[in-house]
Structures are given as structure tokens and as C-alpha cells.
Amino acid sequence: MSQDIIAIDGPGGSGKSTVARTLAERLGWAYLDTGAMYRAVTAEVLAEGISIVDEEAVVALAAAAVIATTPHVSINGRDVNDEIRSDPVNDNVSAVSAIPAVRVAMVERQRAWAAAQDRGVVVEGRDITTVVFPHAALKVYLTASFAERARRREDESAQALGRRDTADHARTVSPLVQAADAVVIDTTNLSVEAVVEEILSCLRTSN
Ligand code: DC
């Protein structure tokens with residue numbers, strides 16, 4: 001199973017989603033944006049009027065949620081594709097994703113999704129190389145300068161991105177860290193195509 005998984009982690013604005021999607025297209029593999037799953041849970045928590053500090057209610061919602069990420073992101077059949085990029089979701093997703101039982105529920109779905117694919121998968125997020133698929137054939141950590149990452153996030157202020165960075169790095173459970181054996185790519189001055197090419201060449205040498 002491990003030879004068909006490329007795991008990509010990195011902070012917001014590092015290029016994960018665009019790179020992972022393009023890479024999956026080039027390889028003919030399936031693609032999973034795990035951030036969209038945490039965002040969908042957050043959107044639903046807010047829509048249901050559940051308080052973010054009511055961990056029990058947030059966990060119950062996450063554990064029972066039916067989430068799809070393609071072609072549109074939906075939760076329990078409700079299309080939240082646009083809503084998941086809203087300020088309220090940007091502001092609350094780190095808190096929701098720091099709840100251990102929420103992570104357990106999402107990781108379970110991510111592994112089940114990958115196991116159900118009949119082809120290779122490219123999965124991106126914050127804990128994919130360290131927790132979800134630590135035995136992936138190729139692990140990549142994407143990074144970029146804060147200024148460049150903030151510039152790329154059209155839908156989020158630099159302050160909000162900075163707060164999310166701090167929270168995602170500092171949380172106790174599955175914080176965003178570089179896996180020791182991940183290929184680190186600084187995308188600050190690289191085109192999407194150049195990053196994809198670099199990953200493809202790493203994949204060829206790792207096989
Ligand atoms: O990749 P993104 O910016 O869409 O992710 C949104 C948030 O979801 C991010 O701030 C932290 C959380 N997240 C996570 O905790 N673990 C993942 N594997 C993916 C995202």
C-alpha cells in the first residue's frame with residue numbers, strides 16, 4: 001500500500017493544495033485535501049450554533065459527519081465549498097482541529113478514503129507525513145516565507161494566517177512539524193510547475 005501514497009504537509013499558503021492537485025492530475029492519482037475536512041466540520045459547527053468550546057458537541061458532530069471533498073466540499077449533504085473559506089471558519093478551524101477526538105474521527109476517514117481508492121493517492125494537510133501516513137512512499141514538507149504565504153491567501157488576512165500558524169504549530173496533539181525523512185521544499189520563489197517537477201523527480205528516485 002505504501003508505494004502509492006504521496007504525503008504533503010506544510011503551513012497555509014505554502015502551496016500544498018495547488019501542488020498536490022496538480023501532482024495528482026499529472027500522475028492520474030486521487031487527491032485529498034484534509035484541511036477541507038476540518039474546515040467542513042468547523043462550518044457545520046458554526047451553522048448549527050454549537051459553541052466551539054463545547055468539545056463534547058463538536059466531537060459528536062465530527063464523529064457522525066459524512067464528509068465529501070470532491071467535486072465540491074460537503075458535510076451531511078450540505079454544500080459548504082464556499083463557506084469553508086469564510087472568515088468565521090478561518091478563525092475557528094484551528095481550535096476545532098486541536099480537539100483530539102475530532103482528529104481521530106478525521107484520520108479514520110482519511111485512511112478509509114485512501115484504502116478505497118483503486119489507484120495512487122496524494123494527500124495533503126498538517127499531520128499527513130507524521131501521523132496519518134508515516135509510511136508513505138514519499139513525504140514532502142512545503143514551506144515559504146510568511147510574506148509570500150500571506151500574499152497567496154486572498155481570502156484570509158495576514159493576521160488570521162499568523163494566528164493559525166501559531167495554533168497549528170503549538171497544539172499538543174499532532175502539531176505541524178517537519179517529518180525527519182520528509183523532502184523539504186521552499187516554494188517562495190518557485191512556480192507550481194517547478195515544485196511538481198521536483199516532487200516527481202524525488203518520486204522517481206525513491207522507487
Ligand atoms: O490546509 P488548510 O489551511 O485548509 O487547513 C485548515 C486548518 O485545518 C489548519 O489551520 C489546521 C487544520 N488541519 C489540521 O489540523 N490537520 C490537517 N491534516 C489539515 C488541516
Side-chain angles (χ1 to χ4, degrees), residues 5-21 23 31-43 52 55 58-59 62 67 69 73 84-85 87 89-111 113-114 121-153 155-188 190 192 195 198-199 202:
I5 298 178
I6 298 179
I8 306 181
D9 285 327
S14 58
K16 287 187 316 287
S17 301
T18 320
V19 166
R21 198 181 317 110
L23 191 60
Y31 158 65
L32 182 63
D33 170 359
T34 63
M37 299 172 70
Y38 290 95
R39 286 174 179 274
V41 169
T42 307
I52 227 84
E55 286 201 10
V58 174
V59 168
I67 303 170
T69 54
V73 181
I84 61 167
R85 306 289 159 197
D87 285 340
V89 171
N90 285 335
D91 291 343
N92 289 287
V93 67
S94 288
V96 168
S97 62
I99 301 172
V102 169
R103 304 202 66 79
V104 170
M106 294 304 111
V107 170
E108 207 169 82
R109 282 164 179 73
Q110 291 153 17
R111 290 182 180 146
W113 172 89
V121 297
V122 182
V123 185
E124 53 99 349
R126 300 291 188 291
D127 61 340
I128 310 305
T129 59
T130 52
V131 174
V132 186
F133 297 118
H135 304 298
L138 183 61
K139 303 191 226 173
V140 179
Y141 187 91
L142 296 185
T143 182
S145 71
F146 182 78
E148 176 59 16
R149 294 194 291 109
R151 193 190 65 75
R152 289 174 186 168
R153 297 311 284 224
D155 52 4
E156 183 174 23
S157 71
Q159 286 84 347
L161 178 64
R163 278 196 297 272
R164 229 150 47 81
D165 274 0
T166 309
D168 294 346
H169 280 291
R171 68 175 176 230
T172 1
V173 181
S174 309
L176 172 60
V177 287
Q178 286 179 19
D181 53 352
V183 173
V184 180
I185 305 176
D186 184 332
T187 70
T188 308
L190 293 179
V192 171
V195 179
E198 192 166 335
I199 297 174
C202 292

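For reference, positions follow the sequence shown, starting with 1.
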For residues 92-99, run the donor-acceptor check on the side chains, cut-off 3.5 Å, and write out each pair with its distance to 0.1 Å, sequence neighbours left out.
residue	atom	partner	partner atom	Å
N92	ND2	P88	O	2.8
S94	OG	D168	OD1	2.9
S97	OG	V93	O	2.9
S97	OG	S94	O	3.2

Let's go through I128 and Q110 carefully: what are the C-alpha distance in whole Å and the side-chain angles of both, what is the deciding distance for side chain to side chain contact (heavy atoms under 4.5 Å, CB included) to 0.1 Å, and is it a yes or a no? CA-CA 9 Å; I128 310 305; Q110 291 153 17; 4.2 Å; yes
Please lay out, stage by stage, how V195 and L142 fare under the test side chain to side chain contact (heavy atoms under 4.5 Å, CB included). CA-CA 9 Å; V195 179; L142 296 185; 4.0 Å; yes
Determine, step by step, whether V123 and V132 satisfy the side chain to side chain contact (heavy atoms under 4.5 Å, CB included) criterion, reporting the C-alpha distance in whole Å, the side-chain angles of both residues, the deciding distance to 0.1 Å, and the verdict. CA-CA 9 Å; V123 185; V132 186; 5.6 Å; no
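Interatomic distance, CG of D155 versus CG of D87, reported as 8.5 Å (0.5 Å rounding). Here CG of L161 is found 11.0 Å from CZ of R152. Values are rounded to the nearest 0.5 Å. Rounding to the nearest 0.5 angstrom, the gap separating the OG1 atom in T143 from the CG atom in D9 is 12.0 Å. A distance of 8.0 Å separates OG1 in T130 from NZ in K139, rounded to the nearest 0.5 Å. Annotation: the span from R164 atom CZ to H169 atom NE2 amounts to 11.0 Å, rounded to 0.5 Å.
Side chain of T129 to main chain of I8: no donor-acceptor pair is present (N/O by atom type, distance under 3.5 Å, no hydrogens or angles).
Proximity of R163 to D91: side-chain heavy atoms (C-beta onward) are separated by under 4.5 Å at one or more points. Between E124 and V19 there is no side-chain heavy-atom pair separated by less than 4.5 Å. Counting only heavy atoms from C-beta outward, the side chains of V140 and I185 approach each other to under 4.5 Å. The shortest distance between side-chain heavy atoms of Y141 and L176 falls below 4.5 Å. V183 is not listed as a side-chain neighbour of I199, based on a closest heavy-atom distance of 4.5 Å or more.
Residues A158 and F146 share a closest heavy-atom pair of O-CZ, 3.4 Å. Here the closest heavy-atom approach between residue A62 and residue A105 is recorded as O-CB, 4.0 Å. The minimum heavy-atom distance between T34 and G125, with the atom names listed, is OG1-CA, 3.3 Å. Of all the heavy atoms in Y31 and A20, the pair that sits closest is CE1-CB, 3.4 Å.
With R149 as reference, D165 is the one residue of T187, T188, D165 to meet the side-chain hydrogen bond (donor to acceptor under 3.5 Å, both in side chains) rule.
Looking at T69 and D33, their side chains never bring a donor and an acceptor atom within 3.5 Å of each other.
Residues passing the side chain to side chain donor-acceptor pair (under 3.5 Å) test with N90, sequence neighbours excluded: R39.
Applying the salt bridge (Lys or Arg N to Asp or Glu O under 4.0 Å) test to every pair with at least one member in residues 93-109, sequence neighbours left out, gives these pairs: R103-D127.
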